[in-house]
Amino acid sequence: MTRILIIQGHPDNSQAHFCHALAQSYAKGARDAGHEVEVIEVAASGVTCLRSRAEWQAEELPEYVACAQQAVAAADHLVFVYPLWLGTMPALLKAWLEQVLREQFAFTFGEKSWHPKLKGKSARIIVTMGMPAFFYRWFYFAHSLRSFERNILKFCGIRPVRWTVCGMVEDKRSERRLAYLAEAASDGAAAR
């Protein structure tokens, strides 16, 4: 059994979006395979933006940050689901990451180097977009996914990191969406 934490990063929880369906499909596949699943809805968490280094280093954490850190610490595998907005993750998800992945929790700095503290965890990034996935990968070189993987997740010791890029999600044809949902369920069952 793998302990999985799904971080639902769509910033609008006033209605269901395809990101929500993907997260639910991943969770169902994982639960049906016997894995333990917890879900954090970033939009419902009360996340606030950090505005200074002093805020980032504060010893007293907002309650949602402490709860999220406990969930991340307990998880073996992290799943991030979000839409691509202006070429990267939505600002609310980035603010959540800045709040949760603080120094002393996710990494420490030594005299000559940093020390990742989240080793032993893996991750899956599921990102939706309006453009074709191949265009994002080959023309834009998946720049924001590479940055998220290298500069945030691997920096904290999380590896391997796998991607699922769901392109053309505004196309309402059911075949494309059903294929993405089936892929999410399969990945959930395999806890990858």
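Heavy-atom basis, side chains included; hydrogens, waters and symmetry copies ignored.
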Step by step, would you call I7 with V81 a side-chain contact (heavy atoms from CB on, under 4.5 Å)?
CA-CA 6 Å; I7 296 100; V81 184; over 6 Å; no
Any residue meeting side-chain contact (heavy atoms from CB on, under 4.5 Å) with A58, in chain and number order, not counting sequence neighbours
none
Which residues share a side-chain contact (heavy atoms from CB on, under 4.5 Å) with A106, sequence neighbours left out
L101, L118, C156
Contacts of D171 meeting salt bridge (charged side-chain N to carboxylate O under 4.0 Å, His left out) (sequence neighbours excluded), chain-then-number -> R173, R176
The salt bridge (charged side-chain N to carboxylate O under 4.0 Å, His left out) partners of K154 (sequence neighbours excluded) come to E149
Are [X] and [Y] grouped together when hydrophobic residues (ILVMFWY) are joined by side-chain heavy atoms under 4.5 angstrom apart?
X	Y	result
I152	W163	yes
L61	V100	yes
M131	V165	yes
L181	V79	yes
L5	I125	yes

Expected output: side-chain T2 to main-chain H35 donor-acceptor under 3.5 Å
no
Indicate yes or no for a side-chain donor-acceptor contact from Y180 to the backbone of G167 under 3.5 Å, with no hydrogens or angles considered.
yes
Check each of T128, L84, V127 against C166 using the side-chain contact (heavy atoms from CB on, under 4.5 Å) test, and report the only one that passes.
T128
Spatial distance of atom [atom1] ([X]) from atom [atom2] ([Y]) [nearest 0.5 Å]:
X	Y	atom1	atom2	answer
E183	L22	CD	CG	9.0 Å
L92	Y82	CG	OH	14.0 Å
I126	I6	CD1	CD1	7.5 Å
F80	I158	CZ	CD1	6.0 Å
R102	L97	CZ	CG	12.5 Å

Within residues 18-29 or reaching into it, pairs that qualify as side-chain hydrogen bond (donor to acceptor under 3.5 Å, both in side chains) - sequence neighbours excluded:
Y26-H77, K28-D32
Residue pairs fulfilling side-chain hydrogen bond (donor to acceptor under 3.5 Å, both in side chains) with at least one residue in residues 59-73, sequence neighbours excluded:
Y64-Q99
Taking the side chain as C-beta and beyond, is there a heavy-atom pair between [X] and [Y] under 4.5 Å?
X	Y	result
H10	P83	yes
Y136	S144	yes
Q8	H17	no

Under the 4.5 Å side-chain heavy-atom rule for ILVMFWY, direct or indirect, which residues accompany F107?
L50, W56, F109, W114, F155
Remaining members of M168's ILVMFWY cluster at a side-chain heavy-atom cut-off under 4.5 Å?
none
More than 12 heavy atoms from other groups under 6.0 Å of CD on E170:
no
With salt bridge (Lys or Arg N to Asp or Glu O under 4.0 Å) as the rule and sequence neighbours excluded, what pairs involving [range] come up?
range	value
residues 112-127	R124-D187
residues 71-86	R3-D76
residues 77-98	K94-E98

The criterion is side-chain hydrogen bond (donor to acceptor under 3.5 Å, both in side chains); which residues satisfy it with S14, sequence neighbours excluded?
D12
